[in-house]
2 protein chains.
Amino acid sequence: MNLSIAEENHIKSIYKLQEGDAVVTTNALAYELDTKPASVTDMAKKLKEKKLIEYEKYKGITLSADGRKAALQIVRRHRLWECFLVDKLSFSWEEVHELAEELEHVRSEKLTNRLSEFLGNPVIDPHGDPIPDANGKLAKPRPQTSLDQANAKRLVVTAVSDQSTALLAFLNAKGIKLGTQLEIVAHYEYDNSIEIKVKGQPAITISEQVAKNIMVRPV
Amino acid sequence: MNLSIAEENHIKSIYKLQEGDAVVTTNALAYELDTKPASVTDMAKKLKEKKLIEYEKYKGITLSADGRKAALQIVRRHRLWECFLVDKLSFSWEEVHELAEELEHVRSEKLTNRLSEFLGNPVIDPHGDPIPDANGKLAKPRPQTSLDQANAKRLVVTAVSDQSTALLAFLNAKGIKLGTQLEIVAHYEYDNSIEIKVKGQPAITISEQVAKNIMVRPV
DNA sequence: TTTATTATTTAGATTTGTCTAAATAATATT
DNA sequence: AATATTATTTAGACAAATCTAAATAATAAA
């Protein structure tokens, strides 16, 4: 199956929005892809034709088995390139997404597998997201919650769920990155803020809004 | 200037065919790009509009200063990726061209420069072709001739000018690659063949046709 | 220098991926 | 349940990159 870049991007976004089982809505997909609902409908017809999605008019979209397989390949390539950019070319955390967005479309299994090997077959990418293996198998993610819902006091940052440049840059400025250890000092209900302390730095206060996007696990 | 992949491919091929100064012909460019002359004419109009080429109806094509600059950027990216694939991912000589053909279209100066640095700022690629630096400057290639015109008896392979998969695979099978040292045993005029001996291997006979595409310098 | 051949361009069509505006279906509200 | 709102699809258009077939220009041959 030879997919165009546009097709790959749609498959990837459907995968992202589906989160397990949920049906993906035309509007949501259009928003995610920064395009128009009418365009999504067009593409849905094509992808249904290719048997990559299940789709009935007005009923939303889900990936077929083949579609899921394709999506995992794309995600694998994306996350491996992110590893490469961060580990080997010293890009920072928040810079790599856009570049990986382009590199992921070089569809060569041999290249992908050699790259993986070169990187030491990593199982999570710089954002903490798991990397599918050559068969599309995902390592089960370690138990993690968003920072605003964490119980434990001592935590490690494992991922950032919102990949907006703004947030990533903000965190970077605060000295927070993947693997950063932090402590919850206090959680103020009355103004929805959380006071945290990053190892070796003065305590800072962040909003629950931001904390929602920071994934952590107990250390 | 934001170029599409199709535009970049045209610019690159014009650069390749131009070889210094020569005017590039519509037909030659169509052949090189595996497309039709009519399509080349269409693209020529567009590239002229963008001031990347000089072009007058029926008069052929040459790169403008801007066009040459763009071409060198593309060539730089192509050759750096080839280095990466061979040096870091252990691809063989003849496998890398097609992959680099895709990777070269990721247009990020930062990525390109980081990649170069990561590779130790190489000045020639695995085919022996010089890599333009960040300013588009080409290291002057060392004195080399094609194997069929070599005077010296002991030679090193520095490049292969025809990058067809068939030829590269053929050479690989014969144990000839970049840096291979060989000796000319005899040059038979009457059947246009050359007998050569690769270090540590029995002598073999190749046609002048093939020898024309193997670049060598005296060792 | 005519004529034949080859090279190049034009005209018009096609495919892919997108869009806007209008029509229709699904859902929510009164 | 009738109506209003929102979501989705259809119809028709457009731009990019390509193609084929026909027309025209340049070059080679007679």
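Numbered from 1 within each chain, the chains take letters A, B, ... in sequence-line order. Remember, it's a predicted structure, so these values are computed and weren't measured experimentally.
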Test salt bridge (charged side-chain N to carboxylate O under 4.0 Å, His left out) applied to A/Lys57 - qualifying residues, sequence neighbours left out | none

Salt-bridge test for A/Glu54 and A/Lys59: reply yes if a basic N is under 4.0 Å from a carboxylate O, no otherwise.
-> no

Quick one: salt bridge (charged side-chain N to carboxylate O under 4.0 Å, His left out) partners of B/Lys48, sequence neighbours excluded?
-> B/Glu56

Can you give each donor-acceptor pair under 3.5 Å made by side-chain atoms of residues 114-121 of chain A, sequence neighbours left out, with the distance rounded to 0.1 Å?
{"from": "A/Arg114", "atom 1": "NH1", "to": "B/Leu89", "atom 2": "O", "distance (Å)": "3.0"}
{"from": "A/Arg114", "atom 1": "NH1", "to": "B/Ser90", "atom 2": "O", "distance (Å)": "2.8"}
{"from": "A/Ser116", "atom 1": "OG", "to": "A/Asn121", "atom 2": "OD1", "distance (Å)": "2.7"}

Give the rounded distance in Å between these two atoms: CG of B/Asn2 and P of D/dA16.
-> 13 Å

Length of the line joining B/Leu29:CG and D/dT18:P, which is rounded to integer Å | 11 Å

Sequence neighbours excluded, the answer for salt bridge (charged side-chain N to carboxylate O under 4.0 Å, His left out) partners of B/Asp148 is none

Of B/Gly60 and A/Ile5, the one whose closest DNA chain C nucleotide lies more 5' = B/Gly60

Pairs touching residues 22-33 of chain A that satisfy side chain to side chain donor-acceptor pair (under 3.5 Å), sequence neighbours left out = A/Lys16-A/Glu32

Would you call B/Lys50 and B/Glu7 a side-chain contact if the rule is heavy atoms closer than 4.5 Å?
-> yes

Phosphate OP1/OP2 of D/dA7 contacted by A/Thr25 side-chain N/O (<4.0 Å) | no

Are OP1 or OP2 of C/dT8 and a side-chain N or O of B/Asn27 less than 4.0 angstrom apart?
-> yes

Separation of C/dT16 C1' from A/His10 NE2 (nearest whole Å) = 12 Å

Find the distance B/Glu49:CD to D/dA16:C1' and express it as a whole number of Å.
-> 15 Å

List in numerical order all residues of residues 52-59 of chain A for which some heavy atom is under 4.0 Å away from an atom belonging to DNA chain D.
-> A/Tyr55, A/Lys57, A/Tyr58

Of all of residues 34-44 of chain B, which get a heavy atom below 4.0 angstrom from DNA chain C, listed by number?
-> B/Pro37, B/Ala38, B/Thr41

All salt bridge (charged side-chain N to carboxylate O under 4.0 Å, His left out) counterparts of B/Lys110, not counting sequence neighbours = A/Glu95

Once you round it to whole Å, what is the distance between P of D/dT8 and OH of A/Tyr31?
-> 15 Å

Between C/dT16 atom P and A/Lys45 atom NZ, what is the distance in whole Å?
-> 15 Å

Quick one: side chains of residues 97-104 of chain B, donor-acceptor pairs under 3.5 Å with protein atoms, not counting sequence neighbours, listed by atom name and distance.
{"from": "B/His97", "atom 1": "ND1", "to": "B/His78", "atom 2": "NE2", "distance (Å)": "3.3"}
{"from": "B/His97", "atom 1": "ND1", "to": "B/Glu82", "atom 2": "OE2", "distance (Å)": "3.4"}
{"from": "B/His97", "atom 1": "ND1", "to": "B/Gln163", "atom 2": "OE1", "distance (Å)": "2.9"}
{"from": "B/His97", "atom 1": "NE2", "to": "B/Glu101", "atom 2": "OE1", "distance (Å)": "3.3"}
{"from": "B/Glu101", "atom 1": "OE1", "to": "B/Lys12", "atom 2": "NZ", "distance (Å)": "3.4"}
{"from": "B/Glu101", "atom 1": "OE2", "to": "B/Lys12", "atom 2": "NZ", "distance (Å)": "2.8"}
{"from": "B/Glu104", "atom 1": "OE1", "to": "B/Lys12", "atom 2": "NZ", "distance (Å)": "3.4"}
{"from": "B/Glu104", "atom 1": "OE1", "to": "B/His78", "atom 2": "ND1", "distance (Å)": "2.7"}
{"from": "B/Glu104", "atom 1": "OE2", "to": "B/Lys12", "atom 2": "NZ", "distance (Å)": "2.8"}

